[in-house]
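Reminder, nothing fancy here: chain letters follow the sequence lines and each chain counts from 1.
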Amino acid sequence: MQLQSFFEQFLKGSSIFINKKLLQPNYLPDQVIERDEFMHEIAKILAPALKNEKPSNLFIYGKTGTGKTLITRRITADMQKVAEQNNIPLRVIYINCKLRRVADTEYRLMAQLAREFGRILPATGLPTDTVYSTFYELIDEKEQLILLILDEIDQLAKRAGDNILYNLTRINTELKRAQLSLIGISNDLIFADQLDTRVKSSLSEEEVVFPPYNAVQIQGILNERAQKSFKENTLQPGVLEKCAAYAAREHGDARRAIELLRVAGEIAERKNCLYVEIKHIDEAQEKIDRDKLYDVTLHQPRQHQVLTLALLTLGMKQPTIISGELYNVYEQNCQKIKLRPLTQRRVSDVISELEMLGIVQSQVISKGRYGRSRNITLAVPRASLVTMKELLVSTLGITE
DNA sequence: AGGTATTCACATGAAACTATTCTCTGAGTTAGG
DNA sequence: TAACTCAGAGAATAGTTTCATGTGAATACCTGT
């Protein structure tokens with residue numbers, strides 16, 4: 001009957017949290033703190049929309065977790081509310097271009113936009129121009145102003161080329177009744193420099209740059225959220241400070257700070273502690289890293305897993321791995337499980353992908369007469385290497 | 001000694017290919033009038 | 001004759017392969033002292 005008491009305990013609710021929702025990454029607070037100037041600046045730029053005048057296209061830069069998305073969503077949500085009350089034809093569409101298989105290509109973005117207006121288009125089969133014209137027709141049905149927010153627009157441009165951005169900026173010339181303003185959000189600060197000049201100038205009629213938060217600001221944010229999500233006196237002194245310090249080190253990423261705090265709380269809760277202690281933060285940090293690794297590796301295609309295994313095997317033996325060496329081990333592994341190995345060219349790209357996912361770090365170095373290679377280092381807590389390796393060996397069914 | 005040229009072992013880029021999933025179109029087939 | 005079926009042409013996309021070109025510095029090779 002142990003389970004029963006466990007469930008009873010569970011039902012009684014959390015010992016630490018009041019409302020964990022506030023710490024979830026997609027939570028949209030009623031008020032955004034520590035970013036007042038930017039709120040006002042952006043609000044000023046977008047305000048004409050409420051008078052049915054097309055606002056300038058807006059471009060927002062800033063690293064991850066600096067509040068770009070949050071603020072944009074907050075402002076536009078408020079605007080929409082005002083618009084509804086006053087019967088203003090304003091439509092806000094938020095699209096995250098990073099979402100794989102949703103809006104990361106020209107076709108899919110347009111299809112997704114059409115979906116926002118209630119027209120479901122097939123995932124494939126139609127020519128791209130058809131999808132474009134469908135969207136045009138849909139929005140031009142009535143007089144209205146559309147604020148199109150494209151989050152992580154750099155990803156879109158990288159994958160789909162800047163052709164699509166050009167088309168988007170020109171969209172207003174095609175429309176008779178409706179008007180459309182673009183709000184692009186990018187993590188990549190140098191992204192705009194690589195754009196076609198025409199696109200760049202019309203896309204960023206207005207520009208706002210979000211600097212990273214400093215430790216004090218992050219602490220302020222954490223404080224605010226913690227007050228509403230944790231029970232009183234459940235955070236030991238120093239916990240928030242430590243969270244903030246961790247995050248400030250990671251280029252002021254508030255999202256990560258909040259996640260860290262949440263996970264630390266969950267750990268404390270699971271251990272039946274009455275308080276969140278400082279050591280829980282360290283554990284949380286480790287857990288986040290570990291989970292990321294597990295998650296990524298276990299959901300990857302087989303080929304990537306075999307490569308990751310080779311990486312782990314070598315990484316346990318030596319601090320840095322050289323690409324050629326890695327490829328050899330990878331090839332041997334492939335033979336063991338009778339898998340046709342990928343070409344070196346492809347493996348090179350896969351390594352880059354793994355780097356993007358934060359599993360490895362790499363650096364191209366020249367060894368003079370002995371060629372040019374990539375020096376790869378594992379960016380994973382050493383403690384999880386062994387378990388991870390075993391896990392991979394068993395999923396892949398390799399017999400040593 | 002000092003300077004230049006070579007050379008290695010890959011990196012990086014572009015294009016083309018393969019396989020899958022899906023739409024659209026028009027020819028052929030069917031069933032009812 | 002209208003409705004239905006179905007094969008084939010085209011598209012979009014992911015994941016590769018193939019081919020071509022680039023690259024940085026340790027060494028090999030000169031050159032003149």
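A residue-by-residue look at A/Y370 and A/T124 shows that A/Y370 has its nearest nucleotide of DNA chain B further toward the 5' end.
Between the A/H280 side chain and the A/E277 main chain, a donor and an acceptor come within less than 3.5 Å of each other.
Scored by the side-chain hydrogen bond (donor to acceptor under 3.5 Å, both in side chains) test, A/Y136 finds no partners at all (sequence neighbours excluded). Take A/E206 and apply the side-chain contact (heavy atoms from CB on, under 4.5 Å) test, not counting sequence neighbours, and it matches A/I45, A/S56, A/L58. The side-chain contact (heavy atoms from CB on, under 4.5 Å) test applied to A/S366 returns A/R372, not counting sequence neighbours.
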With a 3.5 Å cut-off and sequence neighbours excluded, list the donor-acceptor pairs that the side chains of residues 352-359 of chain A form with protein atoms.
{"unit_1": "A/S352", "atom_1": "OG", "unit_2": "A/S348", "atom_2": "O", "d": "3.2"}
{"unit_1": "A/S352", "atom_1": "OG", "unit_2": "A/R374", "atom_2": "NH2", "d": "2.7"}
{"unit_1": "A/E353", "atom_1": "OE2", "unit_2": "A/R346", "atom_2": "NH1", "d": "3.3"}
{"unit_1": "A/E353", "atom_1": "OE2", "unit_2": "A/R346", "atom_2": "NH2", "d": "3.4"}
{"unit_1": "A/E355", "atom_1": "OE1", "unit_2": "A/S362", "atom_2": "OG", "d": "2.9"}
{"unit_1": "A/E355", "atom_1": "OE2", "unit_2": "A/S362", "atom_2": "N", "d": "3.1"}

With a 3.5 Å cut-off and sequence neighbours excluded, list the donor-acceptor pairs that the side chains of residues 80-93 of chain A form with protein atoms.
{"unit_1": "A/N86", "atom_1": "ND2", "unit_2": "A/V82", "atom_2": "O", "d": "2.9"}
{"unit_1": "A/R91", "atom_1": "NH2", "unit_2": "A/E116", "atom_2": "O", "d": "2.8"}

Side-chain polar contacts of residues 250-264 of chain A - donor-acceptor pairs under 3.5 angstrom, sequence neighbours left out - could you list them?
{"unit_1": "A/E250", "atom_1": "OE1", "unit_2": "A/R256", "atom_2": "NH1", "d": "2.4"}
{"unit_1": "A/D253", "atom_1": "OD1", "unit_2": "A/R255", "atom_2": "N", "d": "3.0"}
{"unit_1": "A/D253", "atom_1": "OD1", "unit_2": "A/R256", "atom_2": "N", "d": "3.1"}
{"unit_1": "A/R262", "atom_1": "NE", "unit_2": "A/E266", "atom_2": "OE2", "d": "3.3"}

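Pairs of residues two or more places apart, or lying in two chains, that qualify as salt bridge (charged side-chain N to carboxylate O under 4.0 Å, His left out) and include a residue from residues 51-80 of chain A are A/R74-A/D78. Contacts classified as salt bridge (charged side-chain N to carboxylate O under 4.0 Å, His left out) and involving residues 288-314 of chain A (residues at least two apart or in different chains) are given here: A/K287-A/D291.
Taking every nucleotide of DNA chain C with any atom under 4.0 Å from a non-hydrogen atom of chain A, the first and last of them, 5' to 3', are C/dG10 to C/dA28. Contact footprint of chain A on DNA chain B: nucleotides with an atom under 4.0 Å from a non-hydrogen protein atom, first to last in 5' to 3' order, B/dT7 to B/dC24.
Grouping Ile, Leu, Val, Met, Phe, Trp and Tyr residues whose side-chain heavy atoms lie under 4.5 Å apart, directly or via other members, places A/Y27 in a hydrophobic cluster with A/L22.
Within residues 339-363 of chain A, the residues having any heavy atom under 4.0 Å from DNA chain B are, by residue number, A/Q344, A/R345, A/S348.
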